[in-house]
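Input: a single structure, listed below in structure tokens.
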Amino acid sequence: MQRTEKYFENDAFRKTAAGVILAAEADAKTGGGRIALDGTVFYPEGGGQPADRGTLTLADGTVLHVTDVHETNGIIWHTVDALPEAAQPGAAVTGTIDWEWRFDKMQQHTGEHILSGILHQMFGAENVGFHIGSDAVRMDTSVPISAEGLREAELAANRIIWENVPVLITYPTPEELAALTYRSKKEIAGQVRIVTIPGADVCACCGTHTAATGQVGQIKILTSGNYKGGVRLSVVCGGRALREAQAMRGRQADIGALLSAKADQTAVAVHRVYDEYTALKFAHFGLCSQLFDALAAQLGPDETAIRTVPGLDPDGLHRLAARLSEATTGLCAALTPSEKGTGYCIAQAGGDVRALTNALNAALNGRGGGKPGICQGSCAATPEQVEEFLKKDL
């Protein structure tokens with residue numbers, strides 16, 4: 001079978017093309033299949049860039065939805081949601097890509113080139129991992145880069161966008177390629193396609209890119225973290241960067257409204273609320289300690305103590321059960337109601353409550369465990385039901 005002509009390599013802005021079906025294979029599992037064309041505007045998944053989506057329209061007007069595209073031995077296969085009889089070798093089709101989907105990928109991919117090239121220039125960083133995800137671009141570098149270094153690189157990358165330099169596609173001869181310094185993640189056999197962004201990057205790449213850097217719009221690094229000796233970056237470009245900024249502004253407005261603070265004062269307001277929360281947390285801890293001491297003081301030496309206190313967190317439950325078990329050798333249990341049932345902590349000085357805990361979990365749809373003297377967990381029952389279960393064998 002002849003190889004598929006790749007129209008997207010010469011013109012990434014071409015949205016539609018007439019073609020002829022070379023082969024069609026049905027998929028009994030999905031009811032669709034896959035179609036190979038003599039030429040296509042659809043980019044196949046590869047090099048970190050997702051496949052294009054769109055439609056193939058047959059001569060009789062039947063529209064097939066393209067959900068995936070892959071290349072095998074130079075032949076590009078289009079996965080479609082249906083494969084009617086008219087979709088036979090020799091039949092004419094018109095392919096149309098989802099342009100909004102494609103242009104987003106072009107912005108992300110070109111932005112990745114710019115940022116990767118700048119990181120390589122500034123820090124000698126190699127891009128050892130790249131993927132255009134549904135929300136952000138993931139980039140992995142070969143060397144660690146400080147937060148300040150990333151800020152400087154982000155600024156330099158956006159300057160390349162502001163300069164609106166052309167994105168150049170060339171096919172060097174073997175002699176020209178030998179004399180050229182360029183980035184490449186692997187050895188490439190045959191003709192090499194070079195993408196050059198003046199001032200930023202020279203890289204071997206088969207993907208789709210914008211015609212000029214201004215079309216990328218903006219590059220924004222969202223997060224960074226240590227990863228295998230380098231850093232893993234989450235990056236958004238173009239429309240994604242705008243949507244992220246709008247969402248961030250919306251979140252800031254919500255926070256400002258809750259804290260009665262202006263947009264430029266939300267951080268100060270959050271620090272104030274955090275300090276207030278910390279003070280309340282310490283006060284709550286002290287009051288709980290007083291309550292736990294008072295509950296323990298009411299117990300006899302071998303008395304059973306099952307106490308329900310609303311609003312306790314796991315630490316509070318543990319503290320209460322432990323305090324009760326200091327005052328009696330009988331069975332002790334701290335309970336607190338929750339949205340899903342009851343949080344519990346069971347303890348007994350010198351005893352082993354693990355079997356009882358397992359039985360409670362089995363009977364009341366619970367989960368939890370611990371050491372012989374104290375076990376903790378939660379169950380799908382009310383505190384009254386838990387107390388009734390614990391008392392039935394006493």
Side-chain angles (χ1 to χ4, degrees), residues 45-50 104-170 172 176-189 192-210 212-241 244-245 248:
E45 180 180 0
Q49 180 173 332
D104 168 68
K105 306 305 175 287
M106 289 165 61
Q107 286 186 314
Q108 310 313 311
H109 202 155
T110 309
E112 178 269 329
H113 273 272
I114 296 170
L115 183 57
S116 290
I118 293 296
L119 292 174
H120 184 72
Q121 289 178 19
M122 296 178 66
F123 309 106
E126 300 292 345
N127 185 333
V128 294
F130 159 63
H131 176 69
I132 300 176
S134 58
D135 298 319
V137 175
R138 188 200 71 219
M139 292 172 52
D140 298 332
T141 71
S142 60
V143 298
I145 304 171
S146 68
E148 179 59 33
L150 290 174
R151 283 193 293 270
E152 292 176 3
E154 183 181 68
L155 177 59
N158 279 285
R159 284 202 178 104
I160 296 295
I161 293 175
W162 303 334
E163 293 171 6
N164 196 30
V165 299
V167 179
L168 307 173
I169 307 296
T170 57
E176 292 171 333
L177 194 65
L180 186 65
T181 300
Y182 64 97
R183 292 190 306 114
S184 180
K185 295 176 185 172
K186 62 181 182 180
E187 292 294 329
I188 303 174
V192 177
R193 183 174 185 259
I194 295 293
V195 177
T196 301
I197 301 175
D201 193 33
V202 180
C203 183
C205 183
C206 62
T208 59
H209 309 84
T210 59
T213 57
Q215 293 167 325
V216 175
Q218 182 186 8
I219 297 172
K220 181 60 188 172
I221 300 173
L222 298 180
T223 63
S224 65
N226 297 332
Y227 183 74
K228 294 184 177 180
V231 292
R232 169 163 285 184
L233 305 177
S234 178
V235 181
V236 288
C237 306
R240 296 191 188 190
E244 181 64 31
M248 187 178 300

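Counting non-hydrogen atoms of neighbouring residues, nucleotides and ligands closer than 6.0 angstrom, the CG atom of Asp135 reaches no more than 12 such neighbours.
The minimum heavy-atom distance linking Ala204 with Val192 is given by the pair CB-CG1, 3.8 Å. The two residues Gly207 and Arg193 come nearest to each other via the heavy atoms O-NH1, 2.9 Å. The two residues Ile118 and Ala153 make their nearest non-hydrogen contact at CG2-O, 3.8 Å. Taking both residues in full, the closest heavy atoms of Pro144 and Val231 are given as CA-CG1, 4.2 Å, listed atom of the first, atom of the second, then distance.
Under the rule for a salt bridge (charged side-chain N to carboxylate O under 4.0 Å, His left out), the partners of Glu244 that lie at least two apart in sequence or sit in another chain are Arg251. Gln108 is linked by a side-chain hydrogen bond (donor to acceptor under 3.5 Å, both in side chains) to Asp104, counting only residues two or more places apart in sequence or in another chain. Judged as a side-chain contact (heavy atoms from CB on, under 4.5 Å), and not counting sequence neighbours, the contacts of Ser146 are Glu148. Applying the side-chain contact (heavy atoms from CB on, under 4.5 Å) rule to Leu168 yields the partners Pro166, Thr196, Pro198; only residues at least two apart in sequence or on another chain are considered. Legend: residues meeting side-chain hydrogen bond (donor to acceptor under 3.5 Å, both in side chains) with Ser116, ordered by chain and number and at least two apart, are Glu112, Asn127.
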(Q) Phe130 vs Val137, test: side-chain contact (heavy atoms from CB on, under 4.5 Å). Steps then yes/no. (A) CA-CA 7 Å; Phe130 159 63; Val137 175; 3.5 Å; yes
Q.
Would His209 and Val195 count as a side-chain contact (heavy atoms from CB on, under 4.5 Å) here? Give the steps.
A. CA-CA 9 Å; His209 309 84; Val195 177; 3.5 Å; yes
Q. Passes side chain to side chain donor-acceptor pair (under 3.5 Å), Thr141 versus Glu126? Steps please.
A. CA-CA 6 Å; Thr141 71; Glu126 300 292 345; over 6 Å; no
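Judged by distance alone, the side chain of Asn164 and the main-chain N or O of Gly214 form a donor-acceptor pair under 3.5 Å. For the pair Thr213 (side chain) and Val165 (backbone), a donor-acceptor distance under 3.5 Å is present. A distance-only check finds a donor-acceptor pair linking the side chain of Gln121 to the backbone of Gly199 [under 3.5 Å]. The backbone N or O of Val216 sits nowhere less than 3.5 Å from a side-chain atom of Thr110 that would complete a donor-acceptor pair. Put simply, the side chain of Gln215 gets close to the backbone of Ala212: a donor and an acceptor are under 3.5 Å apart.
Using modelled atom types, one finds no donor on one side chain facing an acceptor on the other under 3.5 Å when comparing Thr210 with Gln107.
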Identify all side-chain donor-acceptor contacts of residues 218-229 below 3.5 Å with residues at least two apart in sequence or on another chain.
unit_1, atom_1, unit_2, atom_2, d
Lys220, NZ, Glu154, OE1, 3.4
Tyr227, OH, Arg232, NH2, 3.2

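Contact check for Tyr182 versus Ile194: side-chain heavy atoms found under the 4.5 Å cut-off.
Taking CG of Leu115 as the start and CG of Asp201 as the end, the distance is 10.0 Å to the nearest 0.5 Å. One distance of note links NE2 of His113 with SG of Cys203; it measures 5.0 Å at 0.5 Å rounding. Ile132 CD1 to Arg138 CZ: the interatomic distance, rounded to the nearest 0.5 Å, is 11.5 Å. With rounding to the nearest 0.5 angstrom, the NE2 atom of His109 is 11.0 Å from the CD1 atom of Ile114. Rounding to the nearest 0.5 Å gives a distance of 9.5 Å between CD1 of Ile161 and CD1 of Ile197. Taking CG of Leu150 as the reference point, atom CZ of Phe123 lies at 7.0 Å (rounded to 0.5 Å).
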